[in-house]
Amino acid sequence: MTEQVVGAAEELRGYDPRTGAEVGSPVPATDPATLDAVARAAAEAAGPLAALGLPERAGLLRAVATALREHDAELIALADAETALGSPRLPGELARTAAQLELFADAVEEGSFCEATVDLPDPGATPPRPDLRRLLLPLGPVAVFAASNFPFAFSVAGGDTASALAAGCPVVLKAHPSHPVTSVRTGEVVAAALAAAGAPAGTFAVVHGEQAGRDLVTHPAITAVGFTGSLGGGRALFDLASSRPDPIPFYGELGSLNPAVATPAAVAVRGAEIAKGFVGSYTMGSGQFCTKPGVLFLPTGHALAEALVQASRAATVAPLLNARIRAGYDAGVRELAAVPGVRPLLAPSTVDGPGFGANPALLAVDVPTLVGHADELLRECFGPVSLIVEYADADELLRAIELLPGSLTGTIQGEESEPELPAALLEAFTERAGRVLWNGWPTGVAVSWAQHHGGPWPATTAPLFTSVGVTAIRRFLRPVAYQDVPDSLLPAALQDANPLGLPRRVNGVPTDAPVTRP
């Protein structure tokens with residue numbers, strides 16, 4: 001059976017962001033002995049889990065999706081009490097989480113993720129080629145760190161968990177302290193579903209506490225880490241993973257500015273629409289999305305300031321997720337506003353009363369100010385604040401973009417009829433972002449085969465990979481090539497008859513047909 005495990009140590013508490021009141025019973029942090037037992041159980045499960053047939057592995061994912069839907073009302077109520085994210089956000093997020101699991105199940109059954117590749121022997125090649133067959137295999141137990149801002153989609157049963165299980169890897173999930181009660185109950189639902197579907201014992205467990213997280217990253221049974229969170233926390237864990245006697249891959253999604261540009265032609269044609277869409281994006285989820293547009297470049301003389309301010313004042317901003325995030329937001333927005341040359345369009349203000357409420361803020365600078373204070377201004381501030389940067393011409397705009405750090409997204413609001421500028425912006429953002437948008441806004445990340453949710457540092461620690469979409473599974477697989485191995489000893493995916501019926505590449509040609517050795 002699978003299990004959800006906590007041990008005895010310090011206690012974690014959930015809090016209602018609306019009132020600051022405690023939610024539910026305290027959750028004990030996982031002690032070192034329990035953490036060690038959980039990690040060792042995951043290591044013992046790795047072989048049996050990897051040996052399951054692909055249909056059986058897909059069945060595990062579908063069982064979890066079904067269980068989440070069966071318990072949706074209960075889980076949504078718990079999450080709302082600890083996050084104040086409400087409806088329609090939480091019902092939509094749980095539905096996305098279940099659909100994500102089912103998408104991975106479909107991908108597992110389809111089988112191309114294995115990248116089964118056969119090169120038949122060719123003694124006449126230069127150099128002579130032996131029989132070579134290559135396959136992607138599960139890494140082993142994966143540590144997953146849940147995020148604060150998505151209690152379902154990037155948490156216990158979220159994308160990292162789904163992609164690791166799809167790869168055939170056991171998961172030890174470190175719950176986020178912002179929603180411990182939700183995490184406990186979601187973990188129970190996931191564990192029971194996996195057990196009923198036939199997952200090996202040790203396939204899945206949930207642990208709690210900051211020290212447990214550090215111990216998990218350094219435990220010798222863990223072979224990779226998936227993380228979504230702050231730049232500081234992610235960097236500290238990344239350094240731990242790299243400093244192990246056996247360094248392991250650390251797939252961290254960290255901080256991102258997600259710059260957006262509106263060209264002069266776009267502002268002239270649809271300036272009011274751009275202002276409305278931008279405000280809706282930067283205040284969505286109270287500015288607590290990793291894809292929040294933190295910088296918007298507008299041409300000097302854009303005449304959108306009043307529209308931006310009015311839309312920001314009218315925006316519905318729910319409380320921030322926890323006291324630490326609210327304190328970080330309050331400090332961060334004050335620091336931005338204090339930079340010489342920054343003009344407050346909507347000045348920072350505090351929310352009086354209980355809970356973790358926050359007001360939106362909107363600040364403006366010109367490009368020379370940005371250039372002179374790039375270190376202070378080009379840092380993510382988690383919460384409902386964004387920076388308007390006003391540029392005089394295309395050359396000034398492109399010089400400013402060169403200062404930007406790596407991001408998850410880059411957005412262009414433009415017109416195809418404009419000469420040269422859209423193409424130059426597309427090239428610039430392609431160098432600095434993992435997803436480039438045309439006339440859209442980055443909040444909202446579709447889960448699909450083509451999605452890429454990653455980017456250069458500091459957006460992620462591994463820009464070659466995505467944490468959303470089917471190819472997220474690639475993070476938890478490693479290639480093995482077999483040379484001149486007898487057919488009967490090969491993994492089924494590489495055998496001559498292709499008994500699994502997988503799509504394969506044989507001598508460079510995609511096919512699912514059997515092969516005959518010369």
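Counting begins at 1 with the first residue of the sequence. Note that this is a predicted model, so its numbers are computed, not measured.
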inquiry  = Apply side chain to side chain contact (heavy atoms under 4.5 Å, CB included) to residues Val225 and Leu240 and explain how you reach the verdict.
reply    = CA-CA 11 Å; Val225 180; Leu240 275 181; over 6 Å; no

Over 12 non-hydrogen atoms of neighbours within 6.0 angstrom of CZ in Arg96 = yes

query = Is the CD atom of Glu110 crowded by more than 12 outside heavy atoms at less than 6.0 Å?
reply = yes

Heavy-atom side-chain contact between [X] and [Y] under 4.5 Å:
X      : Y      : answer
Pro384 : Lys292 : no
Leu254 : Trp457 : yes
Ser281 : Phe289 : no
Ser230 : Phe382 : no
Phe476 : Ser163 : yes
Leu35  : Leu216 : yes
Leu103 : Trp449 : yes
Pro405 : Leu257 : yes

Of all the heavy-atom pairs spanning [X] and [Y], show the shortest one and how long it is.
X      : Y      : value
Phe227 : Gly234 : CE2-CA, 3.4 Å
Arg57  : Leu52  : NH2-O, 4.4 Å
Phe356 : Gly20  : CZ-CA, 4.1 Å
Gln495 : Leu490 : NE2-O, 3.0 Å
Ala175 : Val206 : CB-CG1, 4.0 Å
Val351 : Arg326 : O-NH1, 4.2 Å

request  = Could you please spell out the steps behind the side chain to side chain contact (heavy atoms under 4.5 Å, CB included) verdict for Glu380 and Leu231?
outcome  = CA-CA 9 Å; Glu380 181 188 30; Leu231 176 59; 6.0 Å; no

Give, for atom [atom1] of [X] and atom [atom2] of [Y], the distance between the pair rounded to the nearest 0.5 Å.
X      : Y      : atom1 : atom2 : value
Asp215 : Thr30  : CG    : OG1   : 10.0 Å
Arg478 : Leu135 : CZ    : CG    : 10.5 Å
Thr411 : Arg435 : OG1   : CZ    : 7.5 Å
Asp31  : His208 : CG    : NE2   : 12.5 Å
Phe154 : Thr228 : CZ    : OG1   : 6.0 Å
Leu68  : Glu102 : CG    : CD    : 9.5 Å

Answer yes or no: is there a donor N or O on one side and an acceptor on the other, between the side chain of [X] and the main chain of [Y], under 3.5 Å?
X      : Y      : result
Thr117 : Glu115 : yes
Glu82  : Val181 : yes
Thr466 : His453 : yes
Ser448 : Gly469 : no
Arg133 : Val480 : no
Arg474 : Leu477 : yes
Thr182 : Leu78  : yes
Arg235 : Pro458 : no
Arg505 : Asp119 : no
Tyr251 : Arg475 : yes

task = Before accepting this row, confirm whether a basic side-chain N of the pair Glu44/Arg40 lies closer than 4.0 Å to the acidic partner's carboxylate O.
result = no

ask   = Charged N to carboxylate O under 4.0 angstrom, Asp80 versus Arg18?
value = yes

For a quick test of your reading: what N or O donor-acceptor pairs under 3.5 Å do the side chains of residues 141-151 make, sequence neighbours left out?
unit_1 : atom_1 : unit_2 : atom_2 : d
Asn149 : ND2    : Gln288 : O      : 2.7

request  = Fit a plane to each ring of Trp441 and Phe278, take the angle between them on a 0 to 90° scale, and name the class: parallel (under 30°), tilted (30 to 60°) or perpendicular (over 60°).
outcome  = tilted

message = If only side-chain N and O atoms count, and only distance matters, is there a donor-acceptor pair under 3.5 Å linking Asn258 with Thr291?
response = no

query = Between Leu502 and Asn498, does a side chain to side chain contact (heavy atoms under 4.5 Å, CB included) hold up when you go through it step by step?
reply = CA-CA 7 Å; Leu502 298 184; Asn498 193 13; 4.0 Å; yes

query = Run the side chain to side chain contact (heavy atoms under 4.5 Å, CB included) check on Glu109 and Leu54 step by step: do they pass?
reply = CA-CA 6 Å; Glu109 288 185 327; Leu54 296 185; 5.8 Å; no

